[in-house]
Structures are given as structure tokens and as C-alpha cells.
Amino acid sequence: MSYKAVFNEQQRFFSTYRTRDTGFRKAQLRKLKRLILEHESLFYEAIYKDFRKSRFDTFTTELSVILKDIDYYLRHLDRLSRPKKVATNLVNLPGKSRIYPEPLGVVLVIGAWNYPYQLSLCPLIAAMAAGNCCIVKPSELPAATMKVMAQLINGHFDREYIYVAEGGVPETTGLLQCRFDKIFFTGSPKVGQIVYEAAARLLVPVVLELGGKSPAIVSRHADIDTAARRIVWGKYLNAGQTCVAPDYVVVEAAVRQELTDALKKHMAAFDYKADAPHYTAIINDANFDRLTGLLEGAAIAEGGAYDRERRYIAPAILEPVQWEDDIMQQEIFGPLLPVLTFNDFDGLLARMQEQEKPLAAYLFSNDTTEQEHFLTKLSFGGGCINDVIMHLTNDRLPFGGIGRSGIGSYHGPFGFDSFSHHKAVLKKALWGEPSLKYPPYTQKKYKWIRRLLGL
Ligand code: NAD
């Protein structure tokens, strides 16, 4: 079955209006939840095979997120899909104004490999909640996880409603020829550009969830030990292969040594040795070679041992590092943590504001002026004060980038909105309308209109 044929089938199914029914959507979401819970062990086995991701990590960072997402939409779907009344402006009185959320149609989700379940299934769930049909193209790099999603979803759902398309670049290129009603892409800025260009040719709207270099700033007003513990957890989670991981740390020079010592202490305590069941492997040889290449000639203050056969790289701290160094010119996306220093907080923010806007930024400081300057002077997708990564676990916060780190957002109501059109409708009464707008135009009407508009 060609993807084009599935796309056509989905278009036909969408036009039957079945997905407009919120009862249908909820039933399908419940079915997906049941399917995942009944086959949980398959998910764990596949991801372990792909890059030795542990059951604990897979549950906390993938399956629980997916299942809670379904719960969120089951709880809030009626409210989210209800027409919303808004006030009607003076010139349209008497009348009523409403916003009708409606599904877009047939949408395409393209996933990335680093959280292969979450990044394919959470956009799918938001698309289903909003009443769309959907083709999902997970990343092909973790081959076993892609297979599990394809087998389960294609084996239990009608492909005219949702379908998992397996494949890599040629298949994705083929899919991009179809005129979807939206494309939701998660991946690198480089491929994001390819997707955006393909979408533009057909005038297809996009959400682009991209990456970049997300900084963690540690000021002398921080609780250094807590900062170090949280940075170590966030950086080495999934072996640094997290889009919102702190890419690098910039610490105030006065507390640099204290921070480095604390980072080392927590790295030792978290015990990321080669056979640690909780430490993930690097996804493939190409990324392994890229990362070990970055270690060559670098000043390694801690860790950095590696084993190509196991695709294991021990968490590393690189220090000293300068802004001009190679490692600061690309998203690291692995367990290497450069530590840079600063002396002037506002000067640092000014320097960062000149760079590409990151997907995330983190500040460790208990100084309210620094916190305020961080929020008002630095643009970034989202972030935390005194923590890392955790902002995206709150489904009341939108998750998405800005500038080169992305377009649009999702999670909770924002995911529903991303996959909905907000149809604006004015319902007008047949009585009580002043004749001001109708010709013939007179000076008197003109004056009244200006008066009514307050201009
Ligand atoms: P990638 O851009 O290489 O691949 C993403 C998807 O695009 C895959 O499904 C792949 O098959 C497809 N693809 C690759 N080349 C293509 C091409 N030429 N034409 C069409 N499709 C193509 O990204 P990745 O390596 O899977 O993920 C890493 C990147 O994703 C990092 O930059 C990371 O920061 C970013 N990321 C962002 C988020 C987010 O939520 N913002 C989440 C995870 C990862």
C-alpha cells in the first residue's frame, strides 16, 4: 500500500465527519491507551534493543508522558472542542461572536529518534484529540521502536484513520509530496528547513520542533550543590541525547571551582559506568564518532572514556572551553558538558542574545534581579529557574521553540490548538442595524462612523 493511497483513504474518511464526534475521538484515545498498557513490555524491549534505554527511563520519560497526555485529553476534550463565546464589538451589535475549534483534516507527524515513542505518539494524540486523521512517520534510526509502533497501531486501528509509515529519507520525501493539512515535524533545524520548503510549495502549515544549544547559567547567587545535581541529571539523562538538555554551562568565575567539584560529586553518585543499567547508549556509530571527535584535543576535566562496540561514552566535563571552540559551534546532543565562565551577568545575557534563540534556557540563581533580567533580556523557547528540563512536564505550559529552535508549540491545550482551526463566526440579528455602512455615503454617516469608532 503506497503512502499516497493511505493519504487518499484518510482524506475520504475525514470527509465522512466521523472524527468530528468527540465521543469517537475519546473512544479511539482510550483504545490507544489500552493498547500501550497491554503491550508495555514490547515498548521496553524494543528501546533497550535500539539504544539500551532502561525500563525506568522509558517509563518516566516516554510511556508515562504519553499515557498522561491521553488522560489529559480524555478529561478536557469536551471543554477544548466546545465553541467559545467572545464579546461582540459595537458595530456588530446586535449579534453573537463565537470561535469554533475544528479539525484540520489529514495531518503528518514526523518524529525524531531520541525519545522515539514520545515524539511520535504525543503529537499523534494531540492530532487525534483535535479530530484529525494522521499519518505518523517515526524516526528510522531506532528500528525496533519504529517497528513496535507500526505493528501495534497498524494492527489495531483502521489505516483510514491513523497509520504509522515506516521508512527514512526517501519515504519521508515521498510523504511530503502529499498535500497534508498540517505537518508536525520534530528534528534538527537542517531537516526542518527541508520539510518547511516542501510544505511551502503546497502551502501546508507546519509546526517545527527543532533543537539548538540550550544554556544553563549558574550565578554566584545560586545554591551550587542543587544546581550541580539538577544539571548532571538533565545533561546525562538519555546520555545527553535530549533536545532540552543543558548543552553547556556558563558559571560565574567566583564559583567555578565549587560548581565543578559539585558536578563531579553528583556524577560519581549517579554512577554512569559502562554497565550501569540506567545509562543509555549513543544511538548509532555516526553520532558516536561525531561525539568522540569533539573530545579529541578537548580539555577533559572529568570522564570521557569510551567504548565504540557498546556505543558508550562516559559523561564528560570539558573545561576550560572558549566560546570560539568547535564544540560551541554545534548542538552537542551527547554526554559532553562544556563549562565556560562569566564575570558580568548582563554582559553574558547580551552575548547570548546575539546567538540563535535556543529551545531552552536555564538560570540557577536566587537573586531576583538576575532572574528578572534572564526573563526579560533573553529569548528562548521555554526554560526553568533553578531547574532543567522539568518545565516540559507541565502540560499547562506550551512546549516549542523560537527562531531557529522552532515554530509553534504543543502539550495540553497548545497541542489541541496546533491541530485545530479556530473558525471565527459572527451570527448577526436581522434587526436593529444602523444603515451607516450602506451607500450612498454622506458626510453625516462618515462623521457618525468616526464617532462610533472613537477615532
Ligand atoms: P533529524 O532532523 O535528522 O530527523 C528527524 C526526522 O526527519 C526523522 O524522522 C527522519 O527520518 C527525517 N528526515 C531526516 N532527513 C530527512 C530528509 N532529508 N528529508 C525528509 N525527512 C528527513 O533529527 P534527529 O537526528 O532525529 O533528532 C535530533 C534533532 O532533533 C536535534 O537537533 C534535537 O535537538 C531535535 N529535537 C527536537 C525536539 C523538540 O521537541 N524540539 C525533540 C527531540 C529532538
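We count ligands from 1, going down the list as the structure has it; atoms in each ligand are counted the same way.
Selection from V169, L119, I283 by nearest heavy atom to atom 15 (N) of ligand 1 gives V169.
When each of T242, T186, T61 is paired with Y115, the side chain to side chain donor-acceptor pair (under 3.5 Å) condition holds for T242 and for no other.
Remark: minimum distance from atom 23 (O) of ligand 1 to any protein heavy atom is reached at S188 N, 3.4 Å. Nearest to atom 36 (N) of ligand 1 among the protein's heavy atoms is C243 CB, 3.5 Å. Looking at atom 16 (C) of ligand 1, its nearest protein heavy atom turns out to be V191 CG1, 3.4 Å. Taking atom 10 (C) of ligand 1 as the reference point, the nearest protein heavy-atom neighbour is E140 OE1, 3.6 Å. At the top of the distance list for atom 40 (O) of ligand 1, counting protein heavy atoms only, stands F399 CE2, 3.2 Å. Considering only non-hydrogen protein atoms, atom 5 (C) of ligand 1 sits nearest to T186 O, 3.6 Å. In terms of protein heavy atoms, atom 21 (N) of ligand 1 is closest to T172 CG2, 3.3 Å. The single protein non-hydrogen atom nearest to atom 35 (C) of ligand 1 is G187 O, 3.2 Å, given as residue, atom name and distance.
Residue L359 touches ligand 1 through its side chain alone, judged by heavy-atom distances below 4.0 Å. Only side-chain heavy atoms of I110 come within less than 4.0 Å of ligand 1; its backbone N, CA, C and O stay farther off. Using a 4.0 Å cut-off between heavy atoms, E331 contacts ligand 1 through its side chain alone, with no backbone atom that close. Of the heavy atoms in Y115, none comes closer than 4.0 Å to ligand 1. Of all the heavy atoms of V195, none lies under 4.0 Å from any atom of ligand 1, so neither backbone nor side chain is involved.
Close N/O approach between L141 and ligand 1 is not found [any backbone or side-chain N/O within under 3.5 Å]. Ligand 1 has a nitrogen or oxygen under 3.5 angstrom from a nitrogen or oxygen of W113. Of the N or O atoms in S405, none lie within a sub-3.5 Å distance of an N or O in ligand 1. Any N or O atom pair closer than 3.5 Å counts here, and G111 shares at least one such pair with ligand 1. For N114, no nitrogen or oxygen atom sits less than 3.5 Å from a nitrogen or oxygen atom of ligand 1, counting backbone and side chain alike.
Taking a cut-off of under 4.0 Å to the non-hydrogen atoms of S139, the atoms of ligand 1 that pass are 9 (O). Applying the 4.0 Å criterion to heavy atoms of K137 picks out, from ligand 1, the atoms 8 (C), 9 (O), 10 (C), 11 (O).
For W323 and F342, the ring centers sit 6.0 Å or farther from each other. You'll find the ring centres of F380 and F374 inside the 6.0 Å limit. A centroid separation of 6.0 Å or more is found between the aromatic rings of Y279 and F270. For F180 and F7, the ring centers sit closer than 6.0 Å to each other. Between F43 and Y117, the distance separating the two ring centers is shorter than 6.0 angstrom.
Listed here is the closest heavy atom pair of Q371 and I385: NE2-CG2, 3.6 Å.
Side-chain atoms of T19 come within 3.5 Å of backbone N or O of G131 as a donor-acceptor pair. A side-chain donor-acceptor contact under 3.5 Å links N132 to the backbone of F419. The main-chain N or O of S379 is found under 3.5 Å from a side-chain atom of Q353 such that the two form a donor-acceptor pair.
Salt bridge annotation for R310-D275: absent, with no cationic side-chain nitrogen under 4.0 angstrom from a carboxylate oxygen. A salt bridge is defined here as a Lys NZ or Arg NE, NH1 or NH2 lying under 4.0 Å from an Asp or Glu carboxylate O, and E356 with K213 fails to meet this definition.
From E252, atom CD reaches atom CG of L259 across 11.5 Å, with rounding to the nearest 0.5 Å.
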